[in-house]
Amino acid sequence: MAIILGIESSCDETSAAICIDGEIRSNIIANQLVHQHYGGVVPELASRAHQQNIIPAIQEAFSVAKISKNEVDAVAFTRGPGLLGSLLVGTSFAKAFALAKNIPLMEVNHMQAHILAHFIQDPKPNFPFLCLTVSGGHTQIVKVNDYFDMEIVGETLDDAAGEAFDKSAKILGLPYPGGPLIDQYAQSGSAEAYSFPEPQIPGLDFSFSGLKTSILYFVQKNVKADPDFIQKNLPDICASIQQRIISILLSKLKRAAAEYQINQIAIAGGVSANSGLRNALQEMAEKKGWQVFIPKFEYCTDNAAMIAIAGYHKFLKKDFVDQSIAPLARMAF
Ligand code: KG4
Ligand code: ZN
């Protein structure tokens with residue numbers, strides 16, 4: 001039997017999870033509401049909040065999983081990429097715990113873990129599959145050859161898809177993080193109401209900065225003509241913005257599937273919680289004959305269950321690190 005403690009602290013969620021023989025028994029996520037006042041994550045405040053949240057999150061993860069700290073076989077933690085001060089909290093805790101209990105330590109790449117969240121539940125994809133990973137900091141199409149053998153075949157040249165959602169929301173005066181709010185308003189709006197340009201980027205790469213600028217100009221122009229423009233048309237504006245972000249993502253995904261002749265397609269990361277993207281992907285799958293893998297909501301945004309499952313697969317390979325390990329703000333696959 002293998003009991004893994006997973007710890008995630010890369011950005012603004014402090015999370016702890018217990019995985020027993022590949023099955024998630026607890027996944028505790030402490031959100032940091034402090035950032036809402038600032039319109040984005042404030043790194044210094046994030047590290048302090050991790051310090052406050054980490055012990056209660058760990059305690060609860062043990063209590064929900066009904067196991068004791070002495071039963072843990074190994075600890076997995078997010079080494080990067082992320083905010084260094086935030087990563088340091090989870091890394092230091094994991095190292096101290098492993099040292100105190102004399103158990104192995106496993107480093108996990110946060111972006112790989114988002115993809116490995118697909119191995120928490122059935123149905124699980126077979127290798128190789130393609131994964132569109134869309135979060136607040138990344139937008140990538142990844143060819144997943146094995147648990148820890150992944151190739152980035154396309155990525156954003158500027159903003160991430162999550163940033164495109166959050167920055168658009170900010171232009172509309174919505175609080176941070178605006179992605180989920182755009183999703184919510186879009187549900188009662190018309191996606192055909194307004195048309196935003198599609199960037200012409202060759203290959204499998206993405207670009208969202210032009211879209212952000214065109215939304216800014218569009219809003220400024222219309223608010224000048226009618227100061228209540230946003231208020232009167234919020235659902236339609238959100239639906240149109242969301243539609244364009246989705247069409248940019250799916251057109252590249254379609255291209256990647258054709259290029260690599262792969263029809264097992266997954267999505268991962270915070271933006272994969274977007275209901276419009278989930279529906280559009282299902283529709284495209286039916287048209288193209290793809291088998292799609294869409295994570296449960298709680299495994300889309302940052303969580304330690306994905307770190308624990310990645311750790312479980314490292315544990316099976318005895319892929320351990322020693323106490324000299326340090327977190328990395330930038331971390332390649
Ligand atoms: O993966 P994640 O939790 O954190 C990072 O690793 O970045 O992703 C956070 C991003 C934010 O930009 C947030 O606005 C976006 O995911 N997001 C959404 C939705 N839920 C979260 N974007 C659009 N629609 C949603 N429902
Ligand atoms: Zn993430």
Side-chain angles (χ1 to χ4, degrees), residues 6-15 17 27 29-32 35-36 39-41 43 46 50 77-83 86-87 90 108-118 131-140 142 155-156 159-172 174-187 189 191 208 211-212 238-250 266-281 294-307 309-310 329-331 333:
I7 299 168
E8 156 65 29
S9 72
S10 66
C11 189
D12 60 341
E13 263 104 23
T14 320
S15 182
N27 181 35
I29 304 170
N31 298 305
Q32 303 181 357
H35 308 289
Q36 277 185 350
V41 177
H50 281 304
F77 68 97
T78 305
R79 186 184 182 194
L83 301 169
S86 291
L87 291 164
V108 173
N109 178 308
H110 180 88
M111 298 312 295
Q112 285 196 339
H114 269 302
I115 296 171
L116 295 174
H118 287 287
C131 186
L132 173 69
T133 314
V134 272
S135 71
H138 295 81
T139 297
Q140 302 169 332
V142 181
E155 63 188 325
T156 185
D159 289 349
E163 274 177 292
F165 271 106
D166 297 339
K167 287 179 179 176
S168 303
K170 199 169 179 178
I171 294 170
L172 298 172
L174 299 172
Y176 179 86
L181 294 170
I182 293 202
D183 188 354
Q184 221 173 299
Y185 284 112
Q187 287 174 23
F208 290 100
L211 176 64
K212 179 190 64 194
C238 290
S240 304
I241 292 172
Q242 178 170 296
Q243 163 77 11
R244 176 50 80 214
I245 296 174
I246 293 170
S247 81
I248 294 172
L249 294 171
L250 292 190
I267 50 169
V271 179
S272 63
N274 183 268
S275 57
L277 177 61
R278 294 165 87 96
N279 294 337
L281 185 62
I294 301 177
K296 257 173 80 174
F297 283 109
E298 64 182 298
Y299 302 135
C300 287
T301 44
D302 289 349
N303 67 85
M306 67 186 194
I307 306 303
I309 200 81
R330 290 170 159 269
M331 187 175 176
F333 270 16

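In listed order, ligands and their atoms are each counted from 1. Keep in mind that the numbers below use all heavy atoms, side chains included, and drop hydrogens, waters and symmetry copies.
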Is there a side-chain contact between Asp302 and Ile29 in this structure, where contact means two heavy atoms from C-beta onward sitting under 4.5 Å apart? no
Heavy-atom nearest option to atom 8 (O) of ligand 1, drawn from Gly269, Ala273, Gly270, Cys11: Gly270
Atom 4 (O) of ligand 1: closest protein heavy atom, distance to 0.1 Å, is Asp302 OD2, 3.1 Å
Please report which non-hydrogen protein atom sits nearest to atom 7 (O) of ligand 1, along with the residue it belongs to and the distance in Å to one decimal place. Gly136 N, 2.8 Å
Heavy atoms of Ala310 and Val108 approach each other most closely as CB-CG1, 3.7 Å
For atom 26 (N) of ligand 1, which candidate among Thr301, Thr133, Asp183, Ile246 holds the nearest heavy atom? Asp183
Does any N or O in the side chain of Ser10 come within less than 3.5 Å of the main-chain N or O of Leu87, such that one atom is a donor and the other an acceptor? no
May I ask whether His110 places a heavy atom under 4.0 Å from ligand 1? yes
Contact between Gly137 and ligand 1, counting heavy atoms under 4.0 Å? yes
State, to 0.1 Å, how close Asn27 and Ala304 come at their nearest heavy-atom pair, and which atoms those are. OD1-N, 3.4 Å
Using 2.8 Å as the threshold, say whether any N, O or S atom from His114 sits that close to the Zn ion (ligand 2). yes
Where does Asp166 meet ligand 1, judged by heavy-atom distances below 4.0 Å: at the side chain, the backbone, both, or neither? side chain
Asp183 and Ser275: side chain donor to acceptor below 3.5 Å: yes
If we ignore angles and hydrogens, is there a donor and acceptor under 3.5 Å between the side chains of Gln242 and Ser240? no
Have a look at the Zn ion (ligand 2) and estimate, to 10 degrees, the angle subtended by NE2 (His110) and OD1 (Asp302). 90°
To which protein heavy atom is atom 15 (C) of ligand 1 closest, and what is the distance rounded to 0.1 Å? Val271 CG2, 3.9 Å
Shortest non-hydrogen pair, Tyr176 vs Gln36, comes out as O-CG, 3.4 Å
Can you pull out the closest protein heavy atom to atom 22 (N) of ligand 1? Residue, atom name and distance to 0.1 Å, please. Gly179 CA, 3.5 Å
Looking only at heavy atoms of His114, does any of them come nearer than 4.0 Å to an atom of ligand 1? yes
Does one side chain, of His110 or Glu8, offer a donor that lies under 3.5 Å from an acceptor on the other? yes
Assess, by modelled atom type and distance only, whether the side chains of His50 and Asp12 contain a donor and an acceptor separated by less than 3.5 Å. no
For Gly162, atoms of ligand 1 separated by under 4.0 Å from a heavy atom: 12 (O)
Among all protein heavy atoms in this structure, tell me which lies nearest to atom 24 (N) of ligand 1, with the distance rounded to 0.1 Å. Asn274 ND2, 3.0 Å
